[in-house]
Amino acid sequence: MNTSPVYLDHAATTDINRAALAALTEQMTRTGNPSSLHGAGRRANRVVDEARGQIARAAGAHPSEVIFTSGGTESDNLAIKGLFWSRRAANPDARLILLAGIEHHAVLDTAEWLQAQEGAELLWMPVDADGVLDLAAATALIDDHHERIALVTLMWANNEVGSVQPVAALAEYAAGYGIPLHTDAVQAFTSVPTDFAASKAATMAISAHKIGGPVGIGALLVRRDVVLTPTQHGGGHERKLRSGTLNAALAAGFGVAAEAAAAVRQNEYERLCALRDRVIDAVAELIPEAVLNGPADREHTGQRLPGNLHYTFPECEGDSLLFVLDMLGICSSTGSACTAGVPQPSHVLVAMGRDARTARSVQRFTLGHTSDERDVEKLLEALPEAYGRAKKAGMAADESSIHTAGTGFTR
Ligand code: PLP
């Protein structure tokens, strides 16, 4: 009998692809700085170049547009700070950053830092109840404020509720005014089509560990005509945008993972949608009061990430349910942070118009390349009991305490 835990948190990080692991470990045994002129350096540089080409092909970009970074967070920081500073240098009035409240903290906190430290002003684009950008409202904001907008940022797909955003439409609209758009495609890349060139985005963030590559490497795709102010200075690597010795082994693992994931993308899309819909149908029967958040996308038109399931389970603390599920051998996520022991509402659900209490009663299950029917059946077996136990524990009585009584879990 297979008693290993059921891993349903692939949006947080996913298993490394075997071929990517082999490429990574092989390169880790070899020496050579890709910037060195001797044979060992040139060999390492060829490894980086090959990976750059693999990632570019998977993302619909030119190899010279791939700027290696340490991951999605750094890519978002470089794009948003870099675009803001370069646009403001060209026009001191260009201080507005257009963004939506559903962005990942790598984007939100960077924009808020620029507001606190660098005189940026934030203009919020609304999203609907499914967590999808209100495109008409966003384009109206661009019409009204275009002379002062430094950049627009819109994630390709949301990491909590899986909603896919109209990135190409918004990028094209912004480009009509010469305004660059950054997109955080960390969750979308190799999951739904993300063609960088066709999207008209100026910059796009991706991360290896979300797609079967190693942790510690990502990339920012930067269109060749886009000017970015670097955030990190040194040896002038990566078009002078990101100084620091390149890690050939991590790049090799990232390149192989990107190529492998892109090759099976369509099949994986259908396979994961089928597993996802099996859960949606069964949960509707087993727990009728559960509310699926984000677009249901039963026609598989790409409005929702194929492996994403996100629910509100009423009158139960998301953290309590997570702990009970964990005890029952299921790894899930609330998607939002628990700050100093106090459960926090999901900022994504709040941006979607839910009240703070509802926004704390959420659970995210994300499927990935190792997920199968067994995982889904185990979840469906455990969920009603886990929900019952977590609901018995109730919601945290006030903002200063979390009570896990009745869950069987102490902390
Ligand atoms: N952006 C999104 C949408 C994410 O989901 C994540 C990670 O969860 C990040 C950015 C950060 O990526 P990384 O973990 O590679 O820094």
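FYI, side chains are in, hydrogens and waters are out, and symmetry mates aren't considered; it's all heavy atoms of this structure. Note that ligands are numbered from 1 as they come in the structure, with each ligand's atoms numbered from 1 the same way.
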E121: which of Q115, R95, R148 passes side-chain hydrogen bond (donor to acceptor under 3.5 Å, both in side chains): R148
N293 and its side-chain contact (heavy atoms from CB on, under 4.5 Å) partner, picked from V161, L309, T358: V161
Side-chain donor or acceptor of E259 paired with backbone N/O of Q54 under 3.5 Å: no
Per atom 6 (C) of ligand 1, closest listed option by heavy atom (E103, E74, H104): H104
Donor-acceptor side-chain pairing of N267 and R271 below 3.5 angstrom: no
Atoms in ligand 1 flagged as close to N159, the criterion being non-hydrogen separation under 4.0 Å: 3 (C), 5 (O)
Lys/Arg-Asp/Glu bridge criterion (N-O < 4.0 Å) met for E315, R357: yes
Closest to atom 3 (C) of ligand 1 among T13, I217, N158, D184 (heavy-atom distance): D184
Interfacing atoms of ligand 1 (cut-off 4.0 Å, heavy-atom, G71): 15 (O)
D76 neighbourhood, listing ligand 1 atoms whose heavy-atom distance to it stays under 4.0 Å: 1 (N), 10 (C)
Heavy atom of the protein closest to atom 5 (O) of ligand 1 (residue, atom name, distance): Q187 NE2, 2.7 Å
Nearest protein heavy atom with distance in Å, relative to atom 15 (O) of ligand 1: S207 OG, 2.6 Å
Top protein contact for atom 14 (O) of ligand 1, by heavy-atom distance: H209 NE2, 2.9 Å
Protein contact to atom 7 (C) of ligand 1 [nearest heavy atom, distance to 0.1 Å]: K210 NZ, 2.8 Å
Test item: side-chain donor near acceptor, Q165 and S163, under 3.5 Å: yes
Which residue and heavy atom of the protein sit nearest atom 16 (O) of ligand 1, plus the separation: T73 OG1, 2.6 Å
Heavy atom of the protein closest to atom 12 (O) of ligand 1 (residue, atom name, distance): G72 CA, 3.5 Å
E147 atom CD: more than 12 heavy-atom contacts under 6.0 Å: no
Crowding at CD, E270 (>12 non-hydrogen neighbours, <6.0 Å): yes
